[in-house]
**Q** 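Right, I'll just put the structure down here and ask away after.
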Amino acid sequence: MTKEENEKRLAYLKSIVSRLPEKPGSYQYYDENHVIIYVGKAKNLKARVSSYFHTEVDRFKTKVLVSKIWDISYTVVNTEEDALLLENSLIKKYNPRYNVLLKDGKTYPSICVTNEYLPRIFNTRTINKKWGTYYGPYSHIGTMHAVLELINKIYKPRSCRQPMTKEGIEEGKYQVCLEYHIKNCNGPCIGKQSYEEYQKNIAQAREILKGNTRQILRDLREEMQQLAEELRFEEAEEVKRKYLNLDGFVSKSEVVSHTINDVDVFSITNDEKVAFINYLHVSNGSINQSFTFEFKKRLAETEQELLQLGIVEMRERFNSHSKEIVVPFDPEMELEGVTFTVPQRGDKKTLLDLSEMNGKQYKFDRLKQAEKLNPEQKQVRLMKELQEKLGLPKMPYQIECFDNSNISGTDAVAACVVFKKMKPSKSDYKRYNIKTVVGPDDYASMKEVVSRRYRRLMEEEQPLPDLIVADGGRGQMEVIREVIQDELNLDIPIAGLAKNDRHRTNELLYGFPPRSIQLKTDCELFHVLTQLQDEVHRFAITFHRDKRSKHALHSELDDIKGIGPKTRDELLSKLKSVKRIKDADLETLTDAIGQQKGKLVYEYFHNHL
């Protein structure tokens with residue numbers, strides 16, 4: 001490989017890394033033949049994968065691995081634990097060259113509830129569905145043991161391995177063991193605990209293993225509070241520990257579920273020009289294949305048509321013969337011996353949601369890549385999004401925002417910042433000294449500044465903004481409306497950014513009376529609007545600080561005609577204070593700044609005494 005080819009390869013890989021999401025998941029590295037050579041997991045995909053390409057990486061093995069990478073793919077999940085489980089599944093399927101070999105063939109343990117007359121509950125690494133129902137697996141062994149301990153403490157299922165039948169119990173064939181005498185078992189083998197009560201306990205234990213823990217948590221909380229009221233603090237602390245273990249427990253994993261075997265999962269994410277279809281394959285309860293296809297639309301194809309095409313294409317490419325396909329809607333197609341399932345809840349719905357999340361993430365990554373090559377595309381997208389959210393007549397190319405700044409009404413100033421195409425246009429920023437308002441009246445100050453701003457633009461026939469954003473929520477919006485609509489008779493849309501009790505911006509307002517616009521606080525558009533808000537704060541505060549600094553630094557020497565800043569600073573440097581300058585004789589002043597200027601200073605102070 002030549003130097004130019006290697007630089008091109010690294011540039012391609014780094015472009016992928018720059019678009020990776022900051023979410024948990026598994027990543028896969030491919031060699032030049034597109035064979036998986038490494039599978040890893042990460043709590044933060046972008047941070048983890050980018051660490052391989054830092055110049056300061058000095059581990060020889062890492063450098064060798066990076067030199068073999070030609071492509072990168074990934075699968076996002078919801079938790080770090082799921083990333084670990086997915087990594088384990090993919091390593092076993094592909095046995096990548098640079099991963100540690102799983103020589104013992106072991107997997108993570110699960111919890112089994114047997115199919116016996118009196119079911120047992122225990123952990124195992126061997127899965128045989130003829131024995132019972134399996135929950136898990138668990139990558140965190142401590143969590144599994146905590147749940148088993150909790151179930152044993154609350155429900156006391158039998159732990160003996162002796163086969164038991166209804167007839168044997170009725171005939172008295174069995175005897176209690178040590179577990180009964182130390183109160184770890186209620187003795188169902190000799191009828192001390194009824195069959196109905198035992199089965200009821202097992203059913204409740206199954207609910208805990210499924211993750212349906214709300215009622216159990218409520219019961220534990222009540223028990224904990226009761227023990228505390230009775231001053232039995234050590235027992236209450238023990239119950240609290242179990243409560244916290246159960247509260248932090250999630251028995252179901254999106255990545256692995258022993259109730260699902262040999263299933264294909266498809267989802268579609270659609271827009272005007274492109275459709276993204278994600279494919280997951282689940283075998284023996286584990287995801288071992290994840291891929292997203294991009295389809296460019298030609299003839300305004302429907303989602304059903306695209307999904308049909310994606311199902312046929314991917315099953316052929318990955319040689320899948322699964323008899324069940326999980327889909328978000330009925331694709332209205334028939335495949336011989338195949339059943340289509342549209343889940344509404346449960347493990348299959350969780351897998352469908354995971355597939356949709358990966359499809360949306362892939363679409364987002366492609367959008368990021370396009371916007372990186374053409375930055376204006378992102379700006380147009382954000383302007384269109386804001387236009388749609390507010391129902392504006394046209395895209396808000398020019399947005400303006402105002403803010404006031406003063407301390408108890410002194411040195412009152414205001415600022416106006418201008419964003420064009422969702423970017424700061426600093427050459428258009430304006431600063432205002434408040435002229436007509438006395439005291440700290442923000443509404444009156446805002447009214448003065450808005451009036452001055454738009455009267456001036458109208459007189460000079462300058463373009464008006466497409467949107468005005470009020471920083472102070474409803475009150476500021478109304479003040480701006482009075483000026484724009486009532487006084488100036490202009491038709492400029494007005495929005496507002498409102499803060500919560502913690503003084504954090506959390507709401508976009510629009511219309512009169514103002515209504516809240518549904519906008520996630522972690523989306524790009526909201527970040528741009530808060531950037532506008534932060535920028536006007538910064539600009540106003542900087543102007544106010546500069547104005548106060550000038551007043552604070554004003555010296556009586558500045559009032560002496562013929563004495564400039566340079567001479568003033570020279571005098572203060574040599575005599576240290578205005579008082580010493582006042583008390584100095586003519587000779588001292590002459591020595592400091594010369595005869596002519598010394599005489600001016602001397603006569604000024606002595607004529608004013």
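Along the sequence shown, the residues carry numbers beginning at 1. Quantities reported herein were computed from a predicted structural model and do not represent experimental measurements.
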**Q** So does Lys597 have more than 12 non-hydrogen atoms from other groups sitting under 6.0 Å from NZ?
**A** no
**Q** Nearest heavy-atom pair of Arg381 and Glu524: which atoms, and what distance?
**A** NH2-OE1, 2.7 Å
**Q** Thr567 side chain to Ile563 main-chain N or O, any donor-acceptor pair under 3.5 Å?
**A**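 Looks like no, no N/O pair under 3.5 Å.
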**Q** More than 12 heavy atoms of other residues, nucleotides or ligands under 6.0 Å from CG of Asp486: yes or no?
**A**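 Count over threshold, so yes.
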**Q** What do the steps show when you test Tyr432 against Cys416 for side-chain contact (heavy atoms from CB on, under 4.5 Å), and what is the final call?
**A** CA-CA 8 Å; Tyr432 299 89; Cys416 170; 4.2 Å; yes
**Q** Can you establish whether the number of heavy atoms outside Gln485 located under 6.0 Å from its atom CD is more than 12?
**A** yes
**Q** Residues in salt bridge (charged side-chain N to carboxylate O under 4.0 Å, His left out) with Lys520, at least two apart?
**A** none
**Q** Any non-hydrogen side-chain atom of Ile494 less than 4.5 Å from a side-chain atom of Val469?
**A** no
**Q** Evaluate whether atom NZ of Lys599 has more than 12 neighbouring non-hydrogen atoms of other residues, nucleotides or ligands under 6.0 angstrom away.
**A**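 No, NZ of Lys599 has 12 or fewer neighbouring heavy atoms, counting only those of other groups under 6.0 Å.
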**Q** Rounded to the nearest 0.5 Å, what separates atom OG1 in Thr530 from atom NE2 in His537?
**A** 10.5 Å
**Q** Tell me every residue that passes salt bridge (charged side-chain N to carboxylate O under 4.0 Å, His left out) with Asp353, counting only those two or more places apart in sequence or in another chain.
**A**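 For Asp353, the residues satisfying salt bridge (charged side-chain N to carboxylate O under 4.0 Å, His left out) (neighbours in sequence not counted) are Lys349.
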**Q** Under 3.5 Å, is there a donor-acceptor pair between the side chain of Arg9 and the main chain of Ile69?
**A** yes
**Q** Quick one: do Glu32 and Lys68 satisfy salt bridge (Lys or Arg N to Asp or Glu O under 4.0 Å)? Show the steps, please.
**A** CA-CA 8 Å; Glu32 57 185 335; Lys68 304 293 184 182; over 6 Å; no
**Q** For Lys420 versus Ser425, what's the shortest heavy-atom pair and its separation?
**A**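 In this case the closest contact between Lys420 and Ser425 is CD-OG, 3.9 Å.
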**Q** Can you confirm whether Glu234 is buried at CD, in the sense that more than 12 heavy atoms of other residues, nucleotides or ligands lie under 6.0 Å from that atom?
**A**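 At most 12 heavy atoms, drawn from other residues, nucleotides or ligands, come within 6.0 Å of this atom.
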**Q** Given the side-chain rings of Tyr38 and Tyr30, with only the six-membered ring counted for Trp, is the space between their centroids under 6.0 Å?
**A**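 Ring centroids of Tyr38 and Tyr30 are no less than 6.0 Å from each other.
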**Q** Can the ring centroids of Tyr27 and Tyr29 be said to lie less than 6.0 angstrom from one another?
**A** yes
**Q** Donor-acceptor pair, Glu482 side chain versus Val479 backbone, under 3.5 Å?
**A**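 Side chain of Glu482 to backbone of Val479, a donor-acceptor pair under 3.5 Å: no, none is there.
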**Q** Between Thr590 (side chain only) and Gly598 (backbone N and O only), is there a donor and an acceptor less than 3.5 Å apart?
**A** no
**Q** Asn278 side chain to Glu356 main-chain N or O, any donor-acceptor pair under 3.5 Å?
**A** no
**Q** So, Tyr454 and Glu400: side-chain donor and acceptor under 3.5 Å apart, yes or no?
**A** yes
**Q** Would you say Asp466's side chain and Gln398's backbone share a donor-acceptor pair under 3.5 angstrom?
**A**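 Between the backbone of Gln398 and the side chain of Asp466 there is a qualifying donor-acceptor contact (under 3.5 Å).
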**Q** Does Tyr12 offer a backbone N or O that forms a donor-acceptor pair with the side chain of Ser15 under 3.5 Å?
**A** yes
**Q** Is it the case that atom CD in Gln595 sees more than 12 heavy atoms from other parts of the structure closer than 6.0 Å?
**A**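 It does not: Gln595 CD has 12 such atoms or fewer within range.
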**Q** Donor-acceptor check, side chain of Thr542 to backbone of Arg538, threshold 3.5 angstrom: yes or no?
**A** yes
**Q** Measure the spacing between OG of Ser73 and CD1 of Ile36 and express it to the nearest 0.5 Å.
**A**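 Atom-to-atom, Ser73:OG and Ile36:CD1 are 6.0 Å apart.
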**Q** Kindly say whether Ser18 contributes a backbone atom to a donor-acceptor pair with the side chain of Lys46 at under 3.5 angstrom?
**A** yes
**Q** Does a side-chain heavy-atom distance below 4.5 Å link Lys43 with Lys23?
**A**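 Contact flag for Lys43/Lys23 side chains = no.
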**Q** What is the minimum heavy-atom distance between Thr75 and Leu45, and which atoms define it?
**A**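 Heavy atoms of Thr75 and Leu45 come nearest at O-CD1, 4.4 Å.
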**Q** Check the surroundings of atom CD in Gln596: do more than 12 heavy atoms from other residues, nucleotides or ligands lie under 6.0 Å from it?
**A** no
